[in-house]
Amino acid sequence: MADNAYNHAKIEKKWQQRWVKEGTFTTPELPGAKKSYVLDMFPYPSGEGLHVGHPKGYIATDVFSRMQRMQGYDVLHPMGWDAFGLPAENYAIKNKVHPRVAVEKNIARFKEQLQNIGFSYDWNREINTTDPEYYKWTQWIFLQLYKKGLAYESFEPINWCPSCQTGLANEDVEQGKCERCGSVVEKRPMRQWALKITEYAEKMLAGLEGLPWPKSIIESQKNWIGKSEGTQIGFPVEFKKEGAKPGLIPVFTTRPDTLFGCTYFVLSPEHLWVQLAIDDTHDVLENKDEVRRYVMQAAKKTEIDRTDATKEKTGVKLGGVWAVNPATGEKIPMYVADYVLAHYGTGAIMAVPAHDERDFEFAKKYELPIKNVVDDRGVLIDSGEFTGINAEEAKKKITEKFGKTTTNYKLRDWVFSRQRYWGEPIPIIHCEEDGIVPVPEDQLPVVLPEVEHYEPAGTGESPLALIIDWVNTTCPKCGKPAKRETNTMPQWAGSSWYYLRYIDPKNTQALVSAEKEKAWMPVNVYVGGAEHATRHLIYARFWHIFLYELGLVSTPEPFMHLENVGLILAEDGRKMSKRFGNVVNPDDIVASVGADTLRIYEMFMGPFNQTVAWSTASMSGPRKFIERLWRLAQASIGQEHDDSEAVLFAINKAIKKVTEDTAAFRFNTAISTMMECLNVFEKERIISRKSLENFILLISPYAPHVCEELWEQLGHADGISQASWPIADEQYLEEQNIIIPVQVNGKVRAEIAVTRDAMQADVEKMAMAQENVTKFIDGKEVRKIIYVPNKLLNIVC
RNA sequence: GCCCGGGUGGCGGAAUGGUAUACGCGAAGGACUUAAAAUCCUUUGCCAGCAAUGGCUUGCGGGUUCGAGUCCCGCCUCGGGCACCA
């Protein structure tokens, strides 16, 4: 027996080596009749290595993949590295190494940590977004976007992180701060590349319908896209100054029914009309200097100050000019105020202080008239011909007469350039003669050049701008000297299509072979953190829909089923972080209790998508579970034994429940079912070979190493992953002798043993024979008896 | 403010409208041992009781139902997303 003690270190190493040697998890190029693409959001190989929270999602997909393979699926289950971007670059700068060197080292560490946990990844398909053979295609997709007019140079003020020294996309800003480093973001007018994601707002919204994703992610995306239907109404503008030509400024409103209550008009400081009115060539404003000062002040404010609703609203009245309420014909004052956002709607609003809190606040401060036009029943008052109509109806009628319906989105175009070194160079050449010229596709990839210093240039330009040899090139069109684009792409570029690369990782001729793409896509199950709801998952869907329209992919959506992995907190309830010194390294856990225990523990902690705190003490349960399985197997192997009814019921119930729960990502209940099953087995001391084999098969996706070992001990030459997944035998699932509760008025008073599908009359007779039942009925009239066959009996009196 | 998701023992949590507290951790007692570890057995929601048993209990207050953790209405509270978005 001593020789046969469970030695996790020895067993786990043995099987991990064998899987590699035998290529156990090599995926076929093309799947057979049943395919499944099971994908993890690939990690960012940071310098800190993995902590025990990272593998949770990977364990889940691994368990799922292993079960599906045994169920006869060809499973594509790959892993790779999202290695471009700021963290790698900042790490490299801090540690004074080249980002490439740092990334290589980090990847090696990550990979070793992952392999220690025994994942069934097909490492032949490993990808790395910083590999020129990979980012060649990232650049290629950019060129396709450019060709379709979806990539463009823009000069509008963008979010600028003063610490990271780069522009940021809207999605990279959280509450006015850089999502990476927490610095307060500034507005900076600068040249940049942007992608017209806004053109896909409607398609991305439509694609969400019926997608089997968590509700919260769908809601987040809808929120982010922020569709809002309303009305555009033009307001005439007139001047005091003789000879100045009147104009028309459109506003967007979702409350056209309140048009008669519009008592003033507001433009955002960035509004083109304002910008023109304060420039030197125009002379219509009586207080031009004052307005100019206000506009400049507003421009200096950070995004936080600009959008803080609690701050007192400010504005300046425009002198010598007024707007006309098209409904009432009244002249109303015009203001410039920074509570009106430039980038939403038309950047101008019709202010209705009676029915809008912000307008009300502003009107109070500047003593503007407040005119109520909708009463408390929602019926229009004081609104000319529309008086007496209810608001919903009035919205339509007023829109018909004074404006037109329009749709607005909160979504803004994707600022796609970064002024940093460690990213894909944007494949564009600037020629004095021909302007913007895309790099010809046969010249891709535009390789990131070697540099001495990869720190930001400090000028708001990428460090690539300093490499004169690289910047200077010739125009592909006219052959004259020209300059390369020196901005790089954001971190999200490479991850927006990586799932396609796994399908065809070595392809040098095309993004992905059409045959393979059609065979493997879409991703069947995609697992990752909920924090990607409005970044990666938005960008990837955008690119995918675009590629679908080009006919390069066969499905309109890339990811079918999506599961969010819940965070693992440290034992102290805080996030695991080097800073708090509370990080648990999976290597240590694997060394002390084994990968199988770690895997079962992480799946058993609680519902998969829920945040839970790590507990080293709680790992003893899963560890003991494996040891008990081991001992039961040692006792049972080689013995002849007939199982009791209880054992047959337990194992078949487990087969059914574990199969269902694993498929539905309810790993915690799958494991508790297996524990219950083992508890039943142990009462018998030994079990039949058949039941033992079924049980080992069931656990094998969760604890593959120990199950391989036991499978081998049972005399199987082939590995357990080649075995077939067990199917429950229904005949054992129907217990013949059942104990049901007897209730009196809904309270349990007794339990009686009945045979399966016993007649109600017989059950009633037995119930009435129970002293504790009659005691509670005594003296009362039985009014009703509810009998749920094989479940319960309830006597009402 | 708006939109999602939660609130169940000492702890993590389980429960198609049908015995609430499965499974695991922790704790207490016992067996084995010179002793410890490991293992095994027993107990473990709260209150009363020697016990049989009874009463109470799923954030709070109502409701529907023979029966509610689960469904409906109104609150409280925690977590997450969005937010001067007109």
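From a predicted model like this one, the values you see are computed outputs, not experimental measurements. Note on naming: letters A, B, ... go to the chains in the order of the sequence lines (proteins, then strands), and numbering restarts at 1 for each one.
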request  = Hey, could you give me each pair passing side chain to side chain donor-acceptor pair (under 3.5 Å) that has a residue in residues 664-674 of chain A? Not counting sequence neighbours.
outcome  = A:D661-A:R666, A:D661-A:T669
Distance, C1' atom - from B:rU16 to B:rG10, rounded to whole angstrom = 31 Å
Pair A:K624 + A:E627: basic N to acidic O under 4.0 Å = no
task = May I have the distance from A:E219 (atom CD) to B:rC4 (atom C1'), rounded to whole angstrom?
result = 6 Å
request  = Provide the full list of side chain to side chain donor-acceptor pair (under 3.5 Å) pairs with a residue in residues 782-797 of chain A, sequence neighbours left out, each pair given once.
outcome  = A:D757-A:N790
Qualifying residues under ring pair (Phe, Tyr, Trp, His ring centres under 6.0 Å), relative to A:H355, sequence neighbours excluded = none
inquiry  = Can you identify which nucleotide, out of B:rA22, B:rA86, B:rU53, has its nearest atom closest to the A:E676 side chain?
reply    = B:rA22
message = Looking at A:K56 and A:E602, is there a salt bridge between them, counting it only when a charged N and a carboxylate O are closer than 4.0 Å?
response = no
Between B:rA83 and B:rC76 - C1' atom distance, rounded Å = 24 Å
key: Pairs meeting criterion salt bridge (Lys or Arg N to Asp or Glu O under 4.0 Å) with involvement of residues 675-687 of chain A, two or more places apart   = A:R628-A:E682
query = Who passes ring pair (Phe, Tyr, Trp, His ring centres under 6.0 Å) against A:Y6, sequence neighbours left out?
reply = A:W630
key: Nucleotide nearest A:K747 (side chain, heavy atoms from C-beta), chosen from B:rC4, B:rC56, B:rC66   = B:rC56
query = Which pairs, with at least one residue in residues 251-266 of chain A and sequence neighbours excluded, count as a side chain to side chain donor-acceptor pair (under 3.5 Å)?
reply = A:R255-A:D257, A:Y264-A:Y339
remark   = With both pairing distances under 3.5 angstrom for Watson-Crick or G-U wobble, and | for a partner in another strand, the correct string for RNA chain B is (((((((..(((.....[....)))((((((.......))))))((((....))))..(((((..]....))))))))))))....
request  = Inspect the contact between A:K187 and A:E156 and indicate whether a charged nitrogen and a carboxylate oxygen are less than 4.0 angstrom apart.
outcome  = no
Same-atom distance (P) from B:rC73 to B:rC25, integer angstrom = 41 Å
key: Counterpart residues, side-chain contact (heavy atoms from CB on, under 4.5 Å), relative to A:E171 (two or more places apart)   = A:A169, A:W224, A:L411, A:R535, A:Y539
task = In whole angstrom, give the distance that lies between atom CG of A:L678 and atom P of B:rC23.
result = 12 Å
request  = Using the test ring pair (Phe, Tyr, Trp, His ring centres under 6.0 Å), find all partners of A:F235 that sit at least two apart in sequence or belong to another chain.
outcome  = A:F265
task = Pull up the glycosidic torsion of B:rG9 and say syn or anti, syn being anything within 90° of 0.
result = syn
ask   = With sequence neighbours excluded, what pairs up with A:K747 under the side-chain contact (heavy atoms from CB on, under 4.5 Å) test?
value = A:R749
request  = Can you tell me, in whole Å, how much space there is between the P of B:rU57 and that of B:rG9?
outcome  = 14 Å
task = Mark yes or no for a side-chain to base donor-acceptor pair under 3.5 Å between A:E627 and B:rU39, with no hydrogen or angle criteria applied.
result = no
ask   = Contact class for A:I671 vs. all strands (heavy atom < 4.0 Å): base, sugar-phosphate, or nothing?
value = nothing
key: Which nucleotide in B:rC85, B:rU19, B:rC23 has an atom nearest any side-chain atom of A:K410   = B:rC85
query = Any N or O donor-acceptor pair linking the side chain of A:R255 to the base of B:rA86 at under 3.5 Å?
reply = no
key: Nearest to side-chain heavy atoms of A:R631, which nucleotide of B:rG81, B:rC40, B:rU19   = B:rC40
Pair A:K301 + A:D338, salt bridge at N-O below 4.0 Å = yes
request  = Taking only the side-chain heavy atoms of A:Y344 (C-beta and beyond), determine which of B:rC25, B:rA86, B:rC82 contains the nearest atom.
outcome  = B:rA86
query = Between B:rC85, B:rU53, B:rU19, which nucleotide gets closest to the side-chain atoms of A:P741?
reply = B:rU19
request  = Mark up nucleotides 7-18 of chain B, 5' to 3', with B wherever a protein heavy atom is under 4.0 angstrom from a base atom, S wherever such an atom reaches only the sugar-phosphate, and - elsewhere.
outcome  = -----BSS-B-B
Tabulate protein N/O versus nucleotide N/O from nucleotides 41-52 of chain B, keeping only pairs under 3.5 Å, one per line.
none

task = Please measure how far the C1' atom in B:rG63 lies from the corresponding atom in B:rU53, and state the result in whole Å.
result = 33 Å
ask   = Nearest to the side chain of A:S618 - B:rC25, B:rC85, B:rC84?
value = B:rC25
ask   = What about A:K313, does its side chain sit under 3.5 Å from the base of B:rC84 through a donor-acceptor pair?
value = yes
request  = With P as the reference atom in both, quote the distance from B:rG1 to B:rC66 in angstrom, rounded to an integer.
outcome  = 40 Å
task = Please determine, for the side chain of A:K624, which listed nucleotide (B:rA86, B:rC25, B:rC82) has the closest atom?
result = B:rC25
message = Given B:rG54, B:rC85, B:rG24, identify the nucleotide with an atom nearest to the side chain of A:R749.
response = B:rG54
remark   = Per atom distances to the A:V796 side chain, the nearest of B:rC66, B:rG54, B:rA86 is B:rC66
